[in-house]
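What follows is one structure encoded as structure tokens, with my remarks underneath.
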Amino acid sequence: MHAEYPFALIEEKWRRKWAENRTFAALEKSSLPKFYVLDMFPYPSGAGLHVGHPLGYIASDIVARYKRNCGFNVLHPMGYDSFGLPAEQYAIQTGQHPAITTARNIERYRGQLDKMGFSFDWSREVRTSDPAYYKHTQYIFTLLFHHWYDTELQKARTIDSLVEMFASGGNENVHAAHHCKVLFDAATWKNMSEHEQAEILLCYRLAYLSDTMVNWCPALGTVLSNDEVKDGFSERGGHPVTRMRMKQWSLRITAYAQRLLDGLDELRWSDSIKEAQRNWLGRSTGCSVRFKVKGKEEEIEVFTTRPDTIFGVSFIVLAPEHELVSTLTTDECKEQVASYVAYAASRSERERQTEVKKITGCFIGAYALHPFSGKEIPVWIGEYVLAGYGTGAVMAVPAGDQRDYDFARHFQLPVIPVMANSDVSTMADESKEGTMINSDFLDGLRVEEAIHAAGERLSLSGAGGPLVLFRLRDAIFGRQRYWGEPIPVYYRDGIPMVIPKEDLPLTLPEVDAYLPTPDGEPPLARAKEFTYKGYPLEKSTMPGWAGSSWYFLRYMDPHNTSAPASQESMAYWQQVDLYMGGSEHATGHLLYARFWTHFLHDLGQVPFKEPFKKLVNQGMIQGTSAFVYVDKKSRKLISKNLVSNYDTYALHVDVNLVDNHLLDIEKFKQWREEFKDAEFVLEEGKYICGSEVEKMSKSKWNVVNPDDVIARYGADTLRMYEMFLGPLELSKPWNTNGITGVHGFLKKCWKLFHQGESFAVTDEEPKEEELRSLHKLIKKVREDIDKFSFNTSVSAFMICVNELSELACRKRGILEPLLVCLSPFAPHVCEELWEKLGHKTSIIQAAFPEFNAEYLVSSNIEYPVSLNGKTRFKITLPASMDASGVEQEVRASTDLQKYLGDKIIKKVIVVSGRIVNVVHT
RNA sequence: GCCCGGGUGGUGGAACUGGUAGACACGCAGGACUUAAAAUCCUGUGACCCUAAACGGUCGUACGGGUUCGAUUCCCGUCUCGGGCACCA
């Protein structure tokens with residue numbers, strides 16, 4: 001009769017204790033050093049959590065618990081990103097208010113999270129859809145509206161300061177991030193109507209309303225920002241997206257492009273995420289060049305990264321949407337230009353992307369004049385030039401750019417070589433090596449020099465000059481949806497005004513349906529009385545990323561009613577020390593959150609610029625789908641290894657009916673009515689299923705619910721197993737096969753202390769090798785936590801417990817630090833002892849001075865050994881082990897002996913069976 | 001096309017700054033306990049050769065080269081998988 005490891009009882013008991021004692025509440029005021037561990041908060045979907053979701057939460061929880069034990073005041077909160085599309089679409093279908101659906105889903109999530117024993121401080125929970133929360137989201141929007149970006153001071157400033165500058169000197173000498181097309185002086189400014197002034201100011205505000213090309217998704221009935229569109233389809237739902245011109249709210253994130261780029265250097269994020277952000281920001285240095293147009297007032301401005309090739313320009317291409325197209329087109333070309341522009345406009349984003357090789361274009365009849373030679377250059381339009389980047393116009397140098405080259409060859413335009421020794425008979429030479437030819441004052445210069453010289457000359461002549469450009473676009477901020485934060489704007493005589501702080505939040509109105517109105521207005525237009533002081537309110541809501549752009553601040557002071565968070569709380573908690581989440585947010589959430597933080601920092605509202613000091617991306621857990629094979633003729637189910645004898649098709653089967661490829665036939669028959677009387681062809685009396693790794697999803701029947709795993713093995717087993725599965729940052733398939741190994745280990749631990757009915761610990765002094773084994777473990781786990789390499793930690797635990805005798809494990813002296821290290825995974829395995837010691841005390845600190853963790857493991861002497869002046873052995877030689885393994889290892893290292901020549905090996909030092917040092921004459 | 005990151009037993013995966021490759025776990029095989037099963041415990045387990053067995057040997061970290069006394073690790077080239085960007089001038 002063995003007592004079994006009663007994980008359900010243990011876990012239930014400790015969950016209750018933690019809740020009652022508020023064990024994991026972060027201290028409001030503390031002299032302890034702080035540590036802020038944050039998980040990306042989830043969107044509470046109706047499907048609940050599957051076994052892949054908690055992977056990151058488990059890892060961050062290990063760090064949180066470890067840091068707490070090391071004497072830090074740890075902030076480890078959780079909340080919900082609760083505005084979003086699925087709840088709204090459910091509302092459209094059922095008429096149920098999204099708030100109700102959301103609340104229900106959150107409850108389900110909470111139940112699942114609680115079972116897993118996370119050490120979250122739930123008193124700080126946030127929900128982005130809570131008016132008490134989105135009041136501040138709206139407030140931050142109004143701040144953006146009230147500020148502009150000074151490119152000289154590299155800082156956001158109030159609109160009032162801008163108005164003053166306009167009133168005293170117009171806008172000519174104002175250095176600002178803006179899209180204002182007109183120049184005016186002080187007098188003109190003062191003579192403008194209020195309406196005109198408001199229009200101008202909108203071009204400077206960091207939150208602005210403008211007529212822009214947007215990504216329109218007809219199926220969702222809303223616009224989307226660039227990061228919400230993947231390959232011409234909406235990221236959520238996968239609906240086609242088209243480009244169209246629309247009046248929309250945008251945020252001027254481009255003003256912060258350089259700072260967002262520079263800020264990356266100080267962040268401890270993975271290279272791939274940093275690289276993705278750099279890519280997205282897309283900085284490129286070059287020159288702007290203004291071409292005069294023959295017989296016209298207008299000038300065409302282009303951007304180029306290769307001003308050195310300016311004498312190779314043989315034509316100019318404008319984007320079909322370019323605003324000068326209509327004014328520059330000559331009468332003879334009008335017809336064909338009009339039809340080409342119409343053609344270009346009809347092309348969907350998708351078509352343009354898939355047919356990038358297709359060369360189209362049209363001559364508009366105008367000629368530009370070369371800024372240096374005065375030569376006439378034909379002006380074309382072509383869809384390969386994008387309206388949204390740079391000035392929407394390029395100077396085409398076929399010899400130096402493949403796209404220009406293809407265009408030139410297609411329309412039989414000249415190719416002018418500008419580099420010595422480069423062959424441009426079949427393709428462009430894009431290399432930057434060589435010297436310039438056919439280039440007047442640039443002749444003979446190397447590319448680097450020529451770029452510099454051309455830039456200088458352009459500046460001198462007033463025809464352009466060096467310029468830095470970013471690929472990043474401003475972020476479209478309005479969504480034509482119901483379930484989001486209302487944009488706190490009202491219109492007075494058509495002038496947009498923001499609602500003052502004291503009147504926020506602007507709460508979501510009740511509507512009769514969650515669909516757009518029949519005349520295409522957003523759902524909020526259905527609200528009966530949606531006005532502010534009698535003025536009409538903005539009908540769009542904010543995008544999903546609004547609420548998540550500042551939630552990490554809210555956790556610091558979640559109940560503050562007057563500000564997002566108090567200055568004191570932010571001064572104490574500072575940046576997030578560890579941020580855990582998926583890499584899919586690389587160019588969305590992670591960029592927007594950085595942008596908002598930089599902005600709030602400019603206003604003095606946040607004491608730091610970068611919100612997330614260290615970022616770790618956990619991998620995805622995929623599903624392992626199971627299949628049964630149905631014989632097409634007999635409808636019998638054929639076991640996997642026999643299918644070659646039959647003509648079968650594969651059918652997804654619920655993975656919960658399968659254990660180690662073995663189908664539970666009885667459960668399978670009950671699974672669906674159609675299989676009630678199914679017949680099987682078995683191998684050795686068993687039905688073996690096939691398997692395949694796929695995304696975890698309901699339709700593939702491969703979803704594993706953590707609740708089921710916990711019911712069967714306990715939360716500790718689930719947590720430890722998820723960590724054991726492989727490196728945290730890698731994607732890997734969920735596979736229940738190995739879980740018994742981890743479960744067995746925990747069972748074994750439990751049994752070490754529970755002999756029958758009694759609980760056993762001894763106070764004997766531990767032996768030296770027991771301590772050594774233990775300290776090896778402590779060192780390993782500490783290093784692993786630094787590296788987020790939890791899978792090897794689990795192995796280390798298993799080894800340690802195997803190395804220790806049963807008695808040794810039960811010695812108190814050994815147990816304490818072991819428990820501390822074990823605590824991240826299974827703090828309650830040895831519950832009585834744990835209870836006795838008190839889980840709130842910092843045992844790791846108490847334990848380490850006494851045992852001196854480093855003492856046995858690394859109080860070694862280091863011998864740097866240099867052989868032949870080249871190869872260097874850096875050796876750690878434990879004083880206590882110097883003589884071990886001398887004889888047998890000399891033979892094993894014959895290569896080394898050969899190398900040493902006539903030198904005589906005096907000793908070979910072996911540590912854990914490995915040659916670490918050679919002592920020779 | 002460009003930029004990151006990977007390819008190690010039947011499987012998931014270990015291996016510190018170049019120093020016994022395959023830790024740990026799963027699976028599999030054999031054994032113990034049991035009327036039996038489950039649970040638990042023990043032993044073996046990269047491939048191949050030699051052997052009655054042991055000892056021993058050869059080959060092995062995607063592929064081909066290189067540096068080194070010594071390479072999973074460093075360098076060059078190729079193949080391949082995953083991720084990001086993509087007519088960005």
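Each chain gets a letter, A, B and so on, in the order the sequences are listed, and its residues count up from 1.
- Between A/D404 atom CG and B/C88 atom C1' the separation is 13 Å, expressed in whole Å.
- Here B/G31 is in the anti range [glycosidic angle more than 90° from 0].
- Here B/G12 presents its P atom at 19 Å from CE of A/M723, a figure rounded to the nearest Å.
- B/C87 atom P lies 15 Å from atom CD of A/E430, rounded to whole Å.
- Nucleotides B/C59 and B/G6 have their P atoms positioned 29 Å apart, rounded to a whole Å.
- Comparing atom distances between the A/W280 side chain and each of B/G27, B/G5, B/A86 picks out B/A86 as nearest.
- A/I739 has its CD1 atom 21 Å from the P atom of B/U11, to the nearest Å.
- A close approach under 4.0 Å does not occur between any side-chain nitrogen or oxygen of A/T587 and OP1 or OP2 of B/G84.
- Listed nucleotides B/C85, B/A14, B/A89 differ in distance to A/R471; the shortest reach to its side chain belongs to B/C85.
- Distance check on atom C1': B/G64 versus B/C28 gives 36 Å, rounded to whole Å.
- Straight-line distance from the CG atom of A/L730 to the P atom of B/C81: 17 Å, rounded to whole Å.
- A/Y340 and A/Y343 have tilted rings, their planes meeting at an angle from 30° to 60° on a 0 to 90° scale.
- Across B/A15 and B/U73, the matching C1' atoms stand 10 Å from one another, rounded to whole Å.
- For B/C88, its base sits under 3.5 Å from the side chain of A/R473 at one donor and acceptor pair at least.
- A/R278 has a carboxylate O that lies under 4.0 Å from a charged side-chain N of A/E275, or vice versa, which qualifies the two as a salt bridge.
- Between A/F470 and A/E275, the residue anchored nearer the 5' end of RNA chain B, judged by the nucleotide with its closest heavy atom, is A/E275.
- Between A/W734 and A/Y721, the ring-plane angle classifies as perpendicular under the 30° and 60° cut-offs.
- Taking atom P in both B/G65 and B/C48, the straight-line distance is 25 Å, to the nearest Å.
- Using bins of under 30°, 30° to 60° and over 60° for the plane-to-plane angle, the ring pair A/Y389/A/F303 lands in the perpendicular bin.
- If A/K787 and A/M798 are placed on RNA chain B by their nearest nucleotide, the residue sitting closer to the 5' end is A/K787.
- Neither side chain, A/D429 nor A/Y405, offers a donor N or O lying under 3.5 Å from an acceptor on the other.
- By the 30° and 60° cut-offs, the orientation of the rings of A/Y5 relative to A/W750 is tilted.
- Side-chain nitrogen and oxygen atoms of A/N791 include at least one within less than 4.0 Å of the OP1 or OP2 phosphate oxygen of B/A14.
- Scanning RNA chain B for stems, defined as runs of 3 or more consecutive Watson-Crick or G-U wobble pairs whose donor-acceptor distances all fall under 3.5 Å, gives the following ranges: B:1-7 with B:79-85, B:10-12 with B:24-26, B:27-32 with B:40-45, B:46-49 with B:56-59, B:62-66 with B:74-78.
- Heavy atoms only, all atoms of each residue included: A/V424 and A/A399 are closest at CG1-O, 3.8 Å.
- For the P atoms, the distance linking B/C88 with B/G5 amounts to 24 Å, nearest Å.
- A/S284 comes within 4.0 angstrom of the backbone, heavy atoms only, and of no base.
- Of the candidates B/G13, B/A89, B/C85, B/A89 carries the atom nearest the A/R403 side chain, counting heavy atoms from C-beta on.
- Residues that satisfy the side chain to side chain donor-acceptor pair (under 3.5 Å) test with A/R712, not counting sequence neighbours, are absent from this structure.
- Distance noted for atom P between B/G56 and B/G66: 32 Å (whole Å).
- For the residue pair A/D406 and A/Q402, a side-chain donor N or O sits within less than 3.5 Å of a side-chain acceptor on the partner.
- Taking the side chain of A/D401 as heavy atoms from C-beta on, and the options B/A89, B/G13, B/C4, the nearest nucleotide is B/A89.
- Within residues 385-399 of chain A, the residues that place at least one heavy atom under 4.0 Å from RNA chain B are, in residue-number order, A/V385, A/L386, A/Y389, A/V394.
- Whole-Å rounding puts the A/N737 CG to B/G27 C1' distance at 8 Å.
- The side chain of A/P727 lies closest to B/G13, out of B/U40, B/G13, B/C88.
- Look at A/K747 and you'll find a side-chain N or O under 4.0 angstrom from OP1 or OP2 of B/U40.
- Comparing the C1' positions of B/G46 and B/U8 gives a spacing of 10 Å, expressed to the nearest Å.
- The C1' atoms of B/G9 and B/G60 are separated by 10 Å, rounded to the nearest whole Å.
- Nearest heavy atoms, A/I273 versus A/A586: CD1-CB, 3.7 Å.
- With B/G13, B/C24, B/C85 as the choices, the nucleotide that has an atom nearest any side-chain atom of A/S795 turns out to be B/C24.
- The side chain of A/N279 sits closest to B/G84 out of B/A15, B/A89, B/G84.
- Between A/R306 atom CZ and B/A89 atom P there is a gap of 12 Å when expressed in whole angstrom units.
- Atom CZ of A/F790 is separated from atom P of B/G13 by 17 Å (rounded to the nearest Å).
- Comparing B/A23, B/G13, B/C88 by their closest approach to the side chain of A/K732 singles out B/G13.
- Counting only distance, with no hydrogens or angles, the side chain of A/K274 and the backbone of A/L267 share a donor-acceptor pair below 3.5 Å.
- A perpendicular orientation is assigned to the rings of A/F407 and A/W380, their planes being inclined by more than 60° (bins at 30° and 60°).
- Taking only side-chain atoms of A/T740, from C-beta outward, the nucleotide of B/A89, B/C24, B/G27 with the closest atom is B/G27.
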